[in-house]
Amino acid sequence: MSAVDAAVRAAAHAASSPTTREERAGWLEALASALEADRADLVALAHEETRLAEARLDGEVTRTAAQLRFFAGVAREGSYLEAVVESPDPSLVPPRPDLRRMLRPLGPVAVYTASNFPFAFSVLGNDTASALAAGCPVVVKAHPGHPELSRRTAALAAGELPAGWLTLVEGMEAGVELVRHPLLRAAGFTGSVRGGRALFDAAVSRPDPIPFYGELGSINPVVVTRAAAAERAAAIGAGLVGSFTRDAGQYCTKPGLVFVPEGGGVEAAVRDALDGAPTSRQLTDGMADAFASAVDALAEYPGVELLRGSAPEGASAASVAFLSAETFLSDPETFLAERFGPLTVVVAYRDGDLPPVVAALEPALTATIHRGEREDVSGLAAALAPLAGRLLFDGWPTGVAIGWAQHHGGGWPSTTASVHTSVGATAIRRWLTPIAFQDAPQEVLPPELRDGNPTGVLRREA
């Protein structure tokens with residue numbers, strides 16, 4: 001029996017014993033407390049493995065604990081179950097029997113962790129928290145970028161969860177074996193388009209295809225209107241540099257493509273801010289090498305001016321590619337490619353250029369509009385909204401708040417399933433499937449569907 005087979009079978013065994021929402025909420029709160037109690041050692045280990053700043057990692061531990069407690073609250077509140085109770089009505093055509101419907105956990109699921117968030121999207125990250133809240137035991141595929149941290153966090157979890165509810169597996173081969181295991185019911189992934197697509201293809205080509213929820217690559221376009229540039233070009237330029245260079249540009253929500261009005265002052269502001277931009281090492285030498293190659297290739301592209309900031313030895317220099325809307329439209333595919341690192345592409349447009357450049361965009365996790373104080377941008381918003389999971393105004397997409405209204409998703413290539421989110425309360429929906437009971441005796445029904453609503457869960461009744 002392989003490690004993957006043993007892990008999935010243990011998860012399937014755990015899933016066969018029903019749990020209550022209150023039990024699972026308690027587990028999540030205990031995990032949050034255990035994570036915080038081990039904060040200092042975990043942060044030190046993460047810093048050693050990932051090169052991310054300790055202050056950033058400390059904040060990420062706080063976020064991860066908040067996510068765990070947030071999903072404890074989601075589990076307790078219970079509206080995510082979408083519980084519906086409909087009484088019999090013989091007068092209808094056809095007659096309606098006693099029907100009761102709710103969502104139930106899928107069973108054992110896999111979580112593939114991310115490199116750039118070693119806590120918040122890793123072993124005890126948002127995917128794991130939402131799956132546990134839903135009632136699904138989790139087999140976590142560790143990321144090779146922080147193996148020791150993954151083992152340490154999994155050991156911490158083992159002290160708080162019943163057997164089989166969280167197991168760690170490692171290695172590329174294990175990742176493929178995991179998604180193909182016949183007892184696995186779904187998988188969540190955060191990473192590259194290439195890696196995610198390979199696992200997605202494996203998930204859907206099984207004899208029994210399973211859902212694969214992948215967060216992949218996103219360019220996150222930004223449009224700065226002429227009115228916005230006239231009012232605050234310097235602030236927009238500085239804000240852009242601060243956003244795309246954050247943690248060496250290793251964010252899925254990095255603004256990677258920015259359209260600014262020609263002569264509006266934003267380009268000059270970006271140039272001014274670039275020399276003072278923060279720099280840091282990327283997560284791995286391989287990522288740094290790939291980034292350097294991508295920047296060099298852009299620098300040689302006709303019509304592109306590549307500007308690099310200063311950087312110490314070993315760090316990736318913040319870089320900006322400046323080009324015209326005409327150059328962009330001549331080869332959109334090149335400029336829509338995600339480049340993982342501190343780089344953004346700034347496209348100068350003239351009046352009349354925006355409709356064709358927006359039409360050339362592909363789906364993304366976010367789209368952003370910077371507008372003038374009294375400017376009506378409803379037309380531009382209507383054009384961008386179908387492309388994005390989150391539409392922002394007068395801000396920057398880096399930083400994804402945790403909440404009931406959050407949506408962190410989008411069409412391909414940003415995700416494999418645009419109707420779902422990997423952040424926010426409805427992330428739990430990925431790990432659930434509906435069941436309807438018809439004329440069922442009370443003892444068969446889940447407590448949330450029984451007469452009198454003994455659990456007090458929010459439900460629709462008719």
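The structure displayed is predicted, hence computed values, not measured ones.
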Is a side-chain N or O of T426 found less than 3.5 angstrom from the main chain of R429, in a donor-acceptor match? no
Separation between CG (L103) and CG (L432), nearest 0.5 Å, reads 5.5 Å
Could R151 and E170 be called an ion pair, given the rule that one side-chain N must be under 4.0 Å from one carboxylate O?
yes
Can we say R63 and D58 salt-bridge, meaning some charged N sits less than 4.0 Å from an Asp/Glu carboxylate O?
no
Check the surroundings of atom CZ in R180: do more than 12 heavy atoms from other residues, nucleotides or ligands lie under 6.0 Å from it?
-> no
Quiz prompt | Exercise: do N220 and T253 side chains pair donor with acceptor under 3.5 Å | solution = no
Quick note, ring pair (Phe, Tyr, Trp, His ring centres under 6.0 Å) partners involving residues 267-325, not counting sequence neighbours, are Y301-F335
To the nearest 0.5 Å, atom CZ of F189 lies from atom CD of E215 at 9.5 Å
L184 and V8 have their tightest heavy-atom pair at N-CG1, 4.0 Å
Check: Got a salt bridge between R232 and D394, using NZ or NE/NH1/NH2 to carboxylate O under 4.0 Å?
Finding: yes
*Determine, for E262 against R226, whether the closest basic-nitrogen to carboxylate-oxygen distance falls under 4.0 angstrom.*
no
* Do D296 and S293 have side-chain atoms, one donor and one acceptor, less than 3.5 Å apart? -> no
Residue set satisfying ring-ring contact (aromatic ring centres under 6.0 Å, His included) with F259, at least two apart, ordered chain then number -> F328
Notebook entry, point to check: Are side-chain N/O atoms of E326 and S324 paired as donor and acceptor at under 3.5 Å?
Noted result: no
Side chain to side chain contact (heavy atoms under 4.5 Å, CB included) with R430: of V109, V419, D127, only one passes, and it is D127
Output for pair (L365 CG, S218 OG), nearest 0.5 Å, gives 3.5 Å
- Query: Would you call the rings of H420 and Y213 parallel, tilted or perpendicular, where under 30° means parallel and over 60° means perpendicular?
  - Reply: perpendicular
Under a 4.0 Å threshold between the charged nitrogen and the carboxylate oxygen, would E177 count as salt-bridged to K141?
no
Do other residues, nucleotides or ligands put more than 12 heavy atoms under 6.0 Å from R350 CZ?
no
Worksheet item: Does any donor atom in the side chain of Q282 or S316 lie under 3.5 Å from an acceptor atom in the other side chain?
Response: yes
Original post:
Under 3.5 Å, is there a donor-acceptor pair linking the side chains of W431 and S130?
Top reply: yes
Quiz item: In terms of heavy-atom contacts, does CD of E173 have more than 12 from other residues, nucleotides or ligands at under 6.0 Å?
Solution: no
Output for pair (E148 CD, T153 OG1), nearest 0.5 Å, gives 10.5 Å
Assess whether a salt bridge exists between R281 and D285, defined as any Lys/Arg side-chain N lying under 4.0 Å from an Asp/Glu carboxylate O. yes
Self-check item: Over 12 non-hydrogen atoms of neighbours within 6.0 angstrom of CD in E23
Solution: yes
Does NZ or CZ of R56 come closer than 6.0 Å to the centre of the six-membered ring of F119, within 45° of the ring's axis?
no
**Prompt:** Do you see a donor-acceptor pair shorter than 3.5 Å between the side chains of T225 and E375?
**Reply:** yes
What is the ring orientation for H146 with H143, classed by angle as parallel under 30°, tilted 30 to 60°, or perpendicular over 60°? parallel
Notebook entry, point to check: Any Lys/Arg nitrogen of D376 or R371 sitting under 4.0 Å from an Asp/Glu carboxylate oxygen of the other?
Noted result: no
Here the gap from H407 atom NE2 to S418 atom OG, rounded to the nearest 0.5 Å, amounts to 7.0 Å
With a cut-off of under 6.0 Å to the ring centre and 45° to the axis, is R197 in cation-pi contact with W412? yes
Next on the checklist: With a 4.0 Å cut-off on N to O distance, would you call R69 and E36 a salt bridge?
Outcome noted: yes
Interatomic distance, CG@D247 vs CD@E60, rounded to 0.5 Å, equals 8.5 Å
* How about F244 and Y251: are their ring centroids closer than 6.0 Å? -> no
